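In what follows, a single structure is set out as structure tokens and then discussed.
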Amino acid sequence: MKRDFLTIWDLSKEEIEALLKRTQELKSGVDANKCPLIGKSIGMFFEKPSTRTRVSFEAGIYQLGAQSIYLNPNELQLGRGETIADTARVLSRYLSGIVLRTYSHSTIEEFASHATVPVINGLSDLHHPCQALADIMTIFEKKGRLKGVRLAYIGDGNNVANSLIEASAKTGIELIIACPEGYEPNPDILDRARSFINKEAEGDIIILRNPKEAAGRADVIYTDVWVSMGQEHEAEKKKSKFKNYQVNKELLQCAKKDVIVLHCLPAHRGEEITDEIMDSPNSAVLDQAENRLHTEKALLEFLIR
Ligand code: CP
Ligand code: NVA
């Protein structure tokens, strides 16, 4: 039975723990010469631009012994009306797995329901689960634990925030989200995570409005762009709504001295985060970006046989 990775819920708590452990091993280089995916081909179907996701997956796939094939949907017959279902069925006959980055999350779900090989979500409008794996790996490395770590997400309740909610629920991170009214994370994702915490886990998810209050309680501060890919038409409105949510020196003055600052990148320097903070000793954004490679290698090894 194939396993997909469309959201964090596709992995159990135990599987996430094992994946982080394997990530540490891979990062330390112990199995650098092993090529568990030798002879396989993995597709990379991207409707949107990407630097980190595309390159970390392509490099990771190569390091595991496989080949990656970049697929621009406009250059496939999809662009001429072939269905997602037929595309998924046919590609499954050639490939051992497919990473998709799409506008609508339903495109990935539809693709996965027809594919007979593992499908990995490389970002949709609703989720960014591969990012969340690298995020928790980075928090673990910097803080030595996940349970009880206080993570303040400051900004838009977007795909990155949604996946952080799920990853926090699964690992016991206490998540505080500071966002303007009307820009909360997806309510269904929030409900499911809260009910998971109530029944099976520890942790907490709090939504508040004041970024300084969130920063004051945090071990980790996280932000993302105010205008995600596909939201360009809302840019001016969002920039004005979020102007008090910038991660800057004034905000960091409310936080603990050893707080770490994360950003999934790409950053819009001068909007959601200042140069000064991005480039400060508190910033772990480059380690976080590097961890995309290591966590994705562990994920590929786990999903693809
Ligand atoms: N963080 C992230 O997914 O970056 P890219 O858009 O460059 O892939
Ligand atoms: N929220 C951002 C994340 C980019 C990695 C977007 O969807 O554009």
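Ligands are counted one by one from 1 in listed order, and the atoms in each one are counted from 1 as well. Note that this is a predicted model, so its numbers are computed, not measured. Values below: every heavy atom of this structure, side chains too, minus hydrogens, waters and symmetry copies.
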Subset of ligand 1 atoms that lie under 4.0 Å from at least one heavy atom of R292 = 1 (N), 2 (C), 3 (O)
key: Heavy-atom donor-acceptor pair, E272 side chain to T223 backbone, under 3.5 Å   = no
message = Only heavy atoms of N159, strictly under 4.0 Å: list the atoms of ligand 2 that pass.
response = 1 (N), 2 (C), 6 (C), 7 (O)
key: Protein residue, atom and distance nearest to atom 3 (C) of ligand 2, heavy-atom basis   = D224 OD2, 3.6 Å
note = One finds that the ligand 2 atoms under 4.0 Å from a non-hydrogen atom of L265 are 5 (C)
key: Per-atom contacts of ligand 2 with L123, taking only distances under 4.0 Å to non-hydrogen atoms   = 3 (C), 4 (C), 5 (C), 7 (O)
query = I205 and A193: which non-hydrogen atoms are nearest, and at how many Å?
reply = CD1-CB, 3.7 Å
ask   = So, does L265 sit close enough to ligand 1 that a heavy atom of it is under 4.0 Å from the ligand?
value = yes
inquiry  = Among all protein heavy atoms in this structure, tell me which lies nearest to atom 4 (O) of ligand 1, with the distance rounded to 0.1 Å.
reply    = R52 NE, 2.9 Å
ask   = Does H128 come within less than 4.0 Å of ligand 1, judged by its heavy atoms?
value = yes
key: Residue and atom name of the nearest protein heavy atom (relative to atom 7 (O) of ligand 1), distance in Å to one decimal   = T51 N, 2.7 Å
query = Quick check: does S228 get an N/O under 3.5 Å from an N/O on ligand 2?
reply = yes
